[in-house]
S.K.: 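Below: one structure in structure tokens.
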Amino acid sequence: MPKFSVLFVCLGNICRSPTAEGIFKHKLAQTELNELIFVDSAGTSAHHVGESPDQRAQEEAKKAGYDLSFIRSRQVRDVDFHEFDLLVAMDESNYYNLLDAVPEPEYQQKIKLFLADYAPDLPKREVPDPYYGGAQGFVEVIQLIEAASDGLIEELRRIHRG
Ligand code: 4NP
């Protein structure tokens, strides 16, 4: 039974947050925390519900050694704020969308901004939306997510150690 859970959140749940889910699960599988953490992803919009990750996201992830093909887009639900320990937004717009949507004020503290909170030394605070750009945007998304995933794993180790 997982003791801790993380939900990655972007707008459509077809580019950034599924990339984060795939990369984070891959990295977690190489750590002692693997059985202890449940990982999922969702979008604040319902626009792409049921879809597989964007082909460009899947292709660039595959080149970097990550499989995203098992993921299907879903929208954030009210119950996610109860069930997940951390809701990790890819950008500020989705961060504030989540803060606006919290059903109980006590859950505000579960909401994080991925780069700012877990990779504060990076020059960016947000994972840029790659949807309307070219392949290079998807490569950058992967690099930023890899860096912040390492920071989040370190944070989960601290939490787990108590
Ligand atoms: P994501 O990217 O939020 O990283 O999944 C987007 C996907 C779809 C759209 C925008 C961003 N869209 O406008 O449909």
Side-chain angles (χ1 to χ4, degrees), residues 5-29 37-103 107-108 110-153 155-156:
S5 54
V6 177
L7 183 69
F8 292 108
V9 178
C10 62
L11 179 63
N13 192 213
I14 55 167
C15 299
R16 292 165 293 176
S17 62
T19 301
E21 178 184 342
I23 289 177
F24 199 73
K25 282 180 170 170
H26 183 95
K27 284 182 173 284
L28 206 56
I37 317 259
F38 177 74
V39 181
D40 196 9
S41 66
T44 54
S45 120
H47 219 82
H48 296 276
V49 166
E51 293 179 20
S52 297
D54 186 284
Q55 277 308 316
R56 299 163 296 174
Q58 291 204 52
E59 261 171 43
E60 295 307 326
K62 195 171 181 182
K63 284 188 212 165
Y66 307 108
D67 175 32
L68 310 182
S69 63
F70 63 94
I71 299 170
R72 296 294 177 272
S73 174
R74 74 166 179 91
Q75 190 173 25
V76 176
R77 301 184 274 263
D78 253 17
V79 71
D80 291 324
F81 294 95
H82 299 278
E83 291 185 344
F84 284 86
D85 296 292
L86 291 177
L87 292 88
V88 181
M90 295 297 123
D91 63 22
E92 292 194 324
S93 150
N94 288 294
Y95 175 81
Y96 288 112
N97 282 342
L98 288 174
L99 278 181
D100 285 345
V102 286
Y107 296 144
Q108 283 176 5
K110 296 181 171 189
I111 299 169
K112 307 292 180 188
L113 185 57
F114 197 22
L115 303 189
D117 284 316
Y118 302 113
D121 294 338
L122 289 180
K124 296 199 174 185
R125 285 175 58 81
E126 306 182 275
V127 182
D129 182 350
Y131 190 68
Y132 292 105
Q136 182 52 37
F138 289 85
V139 173
E140 184 189 19
V141 164
I142 289 170
Q143 291 167 347
L144 294 169
I145 286 171
E146 285 176 332
S149 293
D150 291 337
L152 178 53
I153 284 172
E155 175 63 13
L156 295 179

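As the structure is a computational prediction, the values presented were derived from the model and not from experiment. In each ligand, atom 1 is the first atom listed, and ligand 1 is the first ligand listed.
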S.K.: Check whether any side-chain N or O of Gln75 sits under 3.5 Å from a backbone N or O of Thr44 as a donor-acceptor pair, and report yes or no.
M.R.: yes
S.K.: Output the set of protein residues with a heavy-atom contact under 4.0 Å to ligand 1, ordered first by chain identifier and then by residue number.
M.R.: Cys10, Leu11, Gly12, Asn13, Ile14, Cys15, Arg16, His48, Asp129, Tyr131, Tyr132
S.K.: Quick one: list whatever passes ring-ring contact (aromatic ring centres under 6.0 Å, His included) with Phe8, sequence neighbours left out.
M.R.: Phe24, Phe114
S.K.: Charged N to carboxylate O below 4.0 Å: is that the case for Lys62 and Glu59?
M.R.: no
S.K.: For Val141 versus Pro128, what's the shortest heavy-atom pair and its separation?
M.R.: CG2-O, 3.7 Å
S.K.: If you measure only the distance, is there a donor-acceptor pair under 3.5 Å linking the side chains of Asp91 and Asn94?
M.R.: yes
S.K.: Sub-3.5 Å donor-acceptor pair from the side chain of Arg56 to the main-chain atoms of Gly137, do we have one?
M.R.: no
